Amino acid sequence: MQTIFNKADILLPKRNADLTKWTVIACDQFTSDHDFWGRVEALVGDEPSTLHMIMPEAWLGRVDEASRAKEINQTMAKYVQDDVFRRVDDSLIYVERTLRNGQVRRGIVGAIDLEQYDVSPDSGSALRATERIIASRLPARVEIRRDAVIELPHVLILIDDPAEQIIEAIPQMGDLELLYDFELMENCGHLKGYRLTGDKADKVAAAINALPVILVGDGNHSLVAAKMAWDEKKADLSEAERAHHPARYALVEINNVHEASLEIEPIHRIVFDVKGDMIDAFVSGNDGVALGEGDGYVVRYIDRGTAGAFTISDRTVGETIDLLQTFLDAYVEANGGEIDYIHGDAELTELAAKPESVAFFMPQIEKPDLFKSVVKGGVFPKKSFSMGEGADKRHYLECKNI
């Protein structure tokens with residue numbers, strides 16, 4: 001049997017830590033909302049926090065990234081030296097996340113083997129990416145991980161378990177040790193985590209490893225960066241060292257795609273500093289695209305304050321997203337501007353009020369089509385979908401030595 005998913009020695013803050021300040025949302029959220037990250041900085045201050053060990057993408061291009069990466073690695077080393085962590089050995093963590101809407105999302109935290117991860121678009125491996133990556137977002141993450149002593153995961157892995165016999169069955173296993181129970185900052189919900197070890201953990205891992213395909217749902221860029229950093233590191237290791245080196249394994253949370261609380265949300269596009277008539281150029285320049293709502297995939301837009309829609313016909317949802325993304329990349333290359341990728345309708349609508357901006361509300365990807373599409377046709381275009389809206393994204397909490 002394949003052994004993609006494993007137990008791990010997981011690091012958590014000491015029990016007297018302020019977990020609300022420690023636990024920060026994924027770095028690729030609220031990328032254009034500098035006020036959000038300003039509030040997070042003000043709340044955390046100088047207290048121990050995962051904020052001091054990440055590079056929020058809202059800061060990219062606005063800070064000296066090399067210096068920031070060095071500071072992050074120094075902070076990680078200091079937290080280890082100062083005995084900030086407690087270690088939960090040879091375990092999985094069963095997580096219950098109460099979302100802002102009151103629903104509970106269940107997951108299991110453990111380590112995946114990066115040697116089993118194939119990032120190529122036409123991969124036939126059991127652990128596969130779901131989306132193409134944005135190359136510009138990799139260097140900062142690789143730079144941080146290259147000299148890091150610990151990792152912080154926000155990667156979410158998806159399994160296809162329609163009968164809900166794996167993660168959803170964990171509470172029936174009996175009494176589990178409660179590891180944490182607290183409110184997240186910025187009204188992002190509540191987290192509970194329970195330790196799973198011994199035969200119970202082995203049973204869950206074995207069930208996951210027996211599945212034919214496992215998909216990277218969120219955090220594709222972070223997992224690719226982990227893979228790249230591992231490939232660099234292993235070049236200087238013997239075969240024996242490679243077999244058990246901690247950097248070979250990346251901490252992730254696994255969710256069942258059929259979990260009722262798990263929403264597959266489209267990732268929207270916005271282009272700032274737009275020059276020319278972008279909507280007309282797209283509609284007139286592509287067959288099967290027409291203004292208005294028709295038979296096909298409808299894309300609503302806000303073009304410098306004016307709302308409208310166009311329909312893309314005779315294409316799959318992946319091909320629809322790819323057609324628009326290819327156009328946007330070429331248009332910005334030729335005419336200038338800046339593309340950003342936004343989680344959530346409300347945030348996109350707010351950003352669309354900026355002058356000379358054009359926002360695109362992308363079509364929905366239905367759950368039953370996700371695994372089928374990847375297995376049959378390969379990865380989706382970059383930044384096609386997200387698991388939940390921005391505030392419901394995974395937060396940094398658990399860590400692991402690498």
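None of these values were measured; they are calculated from a predicted model.
- Under the side-chain contact (heavy atoms from CB on, under 4.5 Å) criterion, S125 pairs with D118, S123, R128, not counting sequence neighbours.
- Residue pairs meeting the side-chain hydrogen bond (donor to acceptor under 3.5 Å, both in side chains) criterion with at least one member in residues 33-43, sequence neighbours excluded: R39-E186.
- Judged as a ring-ring contact (aromatic ring centres under 6.0 Å, His included), the pairs with a partner in residues 133-154 (not counting sequence neighbours) are, in order, H154-Y396.
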*Applying side chain to side chain donor-acceptor pair (under 3.5 Å), run through D28 and H343 and close with a yes or a no.*
CA-CA 10 Å; D28 58 350; H343 302 259; 5.1 Å; no
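- Considering only residues two or more places apart in sequence or on other chains, Y94 meets the side chain to side chain donor-acceptor pair (under 3.5 Å) condition with E96.
- Here F371 pairs with nothing under the ring-ring contact (aromatic ring centres under 6.0 Å, His included) rule; sequence neighbours left out.
- In this structure, the side-chain contact (heavy atoms from CB on, under 4.5 Å) partners of H258, at least two apart in sequence or on a different chain, are D160, P162, N256.
- The ring-ring contact (aromatic ring centres under 6.0 Å, His included) check on W22 picks up Y79, F85, with sequence neighbours excluded.
- For the pair I150/L11, a side-chain contact is recorded, criterion being any heavy-atom separation below 4.5 Å from C-beta on.
- Within the 4.5 Å cutoff, side-chain heavy atoms of L323 are placed close to those of I312.
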Side-chain donor-acceptor contacts of residues 285-307 below 3.5 Å, not counting sequence neighbours, with atom names and distances?
unit_1: N286; atom_1: ND2; unit_2: F282; atom_2: O; d: 2.9
unit_1: R304; atom_1: NH1; unit_2: G276; atom_2: O; d: 3.2
unit_1: R304; atom_1: NH2; unit_2: G276; atom_2: O; d: 2.8

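- Applying the salt bridge (Lys or Arg N to Asp or Glu O under 4.0 Å) test to every pair with at least one member in residues 238-258, sequence neighbours left out, gives these pairs: D113-R248, E239-R242, E253-R394.
- Here Q74 pairs with nothing under the side chain to side chain donor-acceptor pair (under 3.5 Å) rule; sequence neighbours left out.
- Partners of Y117 by ring-ring contact (aromatic ring centres under 6.0 Å, His included), not counting sequence neighbours: none found.
- The ring-ring contact (aromatic ring centres under 6.0 Å, His included) search around Y194 returns none, not counting sequence neighbours.
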